[in-house]
Structure formats: C-alpha cells, structure tokens
Amino acid sequence: MAAPCRRMASRSLLQFVSCFSRTAVGNTGLRQFSGTSVCRATLQTKSVTERASSPWKLMAAVCLQRLPVISTDLSPIEQQFRQMMRQMELEKSSLSDHELRLLEDAERMSRKQAEDYDSDEEDDRGDQEIVLAQDLEDSWEQKLKNFQPALRVKADVDKDLTSLERCLANSLVLLAEQQVGDEKLWLLPQTQWQEGETLRQTAERALAALPAAGFNATFLGNAPCGVYKYKLPKAARTGSSEGTKVFFFKAILSDGAPTAAPNAPLLWVKKGELQRYLKPAYMMKIDRFILGL
C-alpha cells in the first residue's frame, strides 16, 4: 500500500489531472480537461499577475513637428548651380510669345523710320491705340519695384519660443513642461496609459490634454518610433512604482495654428535647440527619430 501511495505522491498535478480525465471523467460524459488548456490558463494568469505587480508605469508621448513653411536659404554652391541651370535653360529654350512680340515691334519701328514706309500697312488697326511690348515691360518693372515681399527672418518673432510663427524655414518640435516627481521637466507631451486603450490612443489623449485650443495633427502610423526607460527620483520611488517606460509616436501639425492659452508651458524649438531643455539621456533617445528637415 505504501508503494502505490508513494508513486501517486510523486506525480505532478498536471499528470494527475490528465490521468483523471482519461479514466473517471471520461466515463461520465463530462468535458475532459486538457493539459494544453491548463498550461494556457496558467500562463495567462501569470501574465496578468506580472503586469499588475510590475513596478514600471507605461506612458505614451507624441513628437509633434511643424514642417518648414518657406524654403531655406541656398548655400553658395547651390546658388551657383541654380545660376548655371538657368543659363542652360535660357540657351536651349525657344522664344516666348512676349519675345516674339518684341521682335515684331522692333521690325515695325525700323520700317517706319525707313524711306519706303507705307502707312497703309497700319490702316487695319484703325484708331486702336498700339501698346508696345516694351511699354508692358516698363509697367511690370514698376509693379515689381512697388511689391514688398514678406520678411523671411523676423528677429522679434524668432526669439519667442512660444510662437508657432518663428523660424519659418526650419522644422519645429513641440515641448511641454510636465511634472516628474518633485521637479518640472521639459519633455515631449506625454500621459499615462490606461487599461483598454492602445498606445496611440494614449498619445492622442496626451496631445488633446495640452493647454491649447486643439492641435490638428496627423499621426504617422500606429506603431511607436522609439522608447525611453527611466527611473523616478529616489524621493518618488515606491515598491509598486519604480520608473516609467515611454513610447514615442510621431505626428505632423496640419494646417491651422491653435491658439495657446496665456502663459501655457509650451515651446516650439528647432532640433538644434532641444539639448538646451532636455536631459542628455532623454535627448539621445529622441534624436534618433527627429529629422532636422
């Protein structure tokens, strides 16, 4: 009697359940237990338990960029190349209608100055006033002199980091001042993930929660473009909260600038200015996917 009991005690729970399903339960017509089902249920329970007890908090952030509004200034070699291409195009091109009209006017004036000029050639025009092509060019030149293009560089606006109209020839990135532990840091807009939503929905919620009158942004895909893992300050750490994992999503600002709230903690900075406001470890992570277009 002791030997059978010893063999039964040495068996695992899974083997005992499988044996039970093949003998007693199989004869009663009830649904049999499967070893695979038991393992799957065990793994699911373990995953939920680990997620609930994980000391890392999940967050999603959005990298919102305003693309350049105007073209950048050409470098000296780019200016030389443009001049060369224009010269080649001019040499290979045919005469335009305006250039042909200039030649006709010049030929007509030369005939009028000749001794054998016949005035009957102009009778078909009647009393209609003749406007020479050169007169048109003079009027166009005068309009060009009176035209004042908008300034490409506005010193007063470019220094205002809260203005979306600064540095129109550069790409800008939105930064938001957020509370992390006992200190305030400049970060990409982020918020904590909630049960039942995707990480992209969390990033969209982080953008909608900013103190501005709504950003019209286009997200570039459903998958994150980067991740950053950091630990909270020692004063803010607890047994259930040790640090945060931030997943980044890229978005492009669409047409229409929002009206920011007064004194809103928001900055629009160029890629070269990010290091002034971001911590080195954080900057190293986002520098991989921010393009300085």
Side-chain angles (χ1 to χ4, degrees), residues 40-41 43-69 164 170-180 185-232 240-261 264-275 277-293:
R40 186 184 299 111
L43 292 176
Q44 291 177 353
T45 305
K46 182 179 179 181
S47 176
V48 173
T49 305
E50 289 180 351
R51 184 174 58 184
S53 60
S54 175
W56 296 96
K57 181 171 57 177
L58 299 182
M59 302 189 75
V62 54
C63 176
L64 180 63
Q65 285 188 272
R66 189 219 67 186
L67 296 181
V69 179
L164 190 59
N170 301 98
S171 178
L172 301 181
V173 180
L174 178 64
L175 296 182
E177 188 179 35
Q178 299 192 352
Q179 188 76 30
V180 180
L185 300 176
W186 288 105
L187 303 169
L188 298 180
Q190 65 182 29
T191 189
Q192 185 175 355
W193 173 79
Q194 294 181 356
E195 187 74 27
E197 67 179 3
T198 64
L199 286 174
R200 169 170 169 169
Q201 292 174 341
T202 306
E204 294 174 348
R205 184 164 51 85
L207 191 61
L210 294 177
F215 287 97
N216 187 13
T218 301
F219 278 76
L220 306 181
N222 297 322
C225 58
V227 61
Y228 173 62
K229 175 181 175 182
Y230 68 94
K231 291 185 177 181
L232 295 174
S240 59
S241 178
E242 182 177 354
T244 303
K245 294 181 180 179
V246 184
F247 296 88
F248 301 104
F249 289 81
K250 295 192 68 174
I252 300 298
L253 184 66
S254 305
D255 52 353
T259 302
L266 302 176
L267 296 180
W268 290 97
V269 297
K270 297 184 294 184
K271 183 178 180 180
E273 300 171 339
L274 288 173
Q275 56 186 355
Y277 304 94
L278 304 180
K279 290 184 175 295
Y282 190 85
M283 176 65 191
M284 183 177 62
K285 292 294 184 180
I286 69 174
D287 185 64
R288 300 175 179 177
F289 56 83
I290 295 182
L291 301 179
L293 299 177

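Just so you know, these numbers come straight off a predicted model, no measurement behind them.
Arg200 places no side-chain N or O within 3.5 Å of a backbone atom of Ala60 that could act as its donor or acceptor partner. A distance-only check finds a donor-acceptor pair linking the side chain of Ser254 to the backbone of Asn216 [under 3.5 Å]. Distance alone, capped at 3.5 Å, places no donor-acceptor pair between the Lys271 side chain and the Leu172 backbone.
No side-chain heavy atom of Trp268 sits under 4.5 Å from any side-chain heavy atom of Val173. At least one side-chain heavy atom of Ile290 sits less than 4.5 Å from a side-chain heavy atom of Leu274. Side chains of Ile286 and Cys63 form no contact here, defined as non-hydrogen atoms less than 4.5 Å apart. Side-chain contact between Gln201 and Gln194: absent, with no pair of heavy atoms (C-beta onward) separated by less than 4.5 Å. Under the 4.5 Å side-chain criterion, counting only non-hydrogen atoms from C-beta, Lys285 is not in contact with Lys229. Two residues are said to be in side-chain contact when any heavy atoms from C-beta on lie closer than 4.5 Å; Glu177 and Leu185 fail this criterion. Taking 4.5 Å as the limit, every side-chain heavy atom of Val62 sits out of range of all side-chain heavy atoms of Glu204. Looking at Cys225 and Phe248, their side chains come closer than 4.5 Å, going by heavy atoms from C-beta outward.
Minimum heavy-atom separation, Leu174 to Phe215: CD2-CZ, 4.0 Å. In terms of heavy-atom proximity, Met283 sits nearest to Leu278 at SD-CD1, 4.1 Å. In this structure, Thr202 and Thr191 approach most closely via the heavy-atom pair O-CG2, 3.3 Å. For the pair Leu188 and Gln178, the tightest heavy-atom approach, listed with the atom from each and the gap, is O-NE2, 4.3 Å. The minimum heavy-atom distance linking Leu164 with Arg66 is given by the pair O-NH1, 2.7 Å. The two residues Trp56 and Thr244 come nearest to each other via the heavy atoms CE3-N, 3.4 Å.
Judged by the 6.0 Å and 45° rule, Lys57 forms no cation-pi pair with Trp193.
A distance of 6.0 Å or more separates the ring centres of Phe289 and Phe247.
Atoms OG1 and CD1, from Thr218 and Ile252 in turn, are 8.0 Å apart once rounded to the nearest 0.5 Å. Here the CE-CD distance, from Met59 to Gln190, works out to 4.0 Å after rounding to the nearest 0.5 Å. The NZ atom of Lys250 sits 5.0 Å away from the CD atom of Gln65 when rounded to the nearest 0.5 Å. Taken to the nearest 0.5 Å, the CG atom of Leu58 stands 10.0 Å off from the CD atom of Glu195. Note that the CZ atom of Phe249 and the CG atom of Leu207 stand 13.0 Å from one another [nearest 0.5 Å].
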Checklist entry - Where do Leu175 and Leu187 land on the side chain to side chain contact (heavy atoms under 4.5 Å, CB included) test, with the steps shown first? => result CA-CA 6 Å; Leu175 296 182; Leu187 303 169; over 6 Å; no
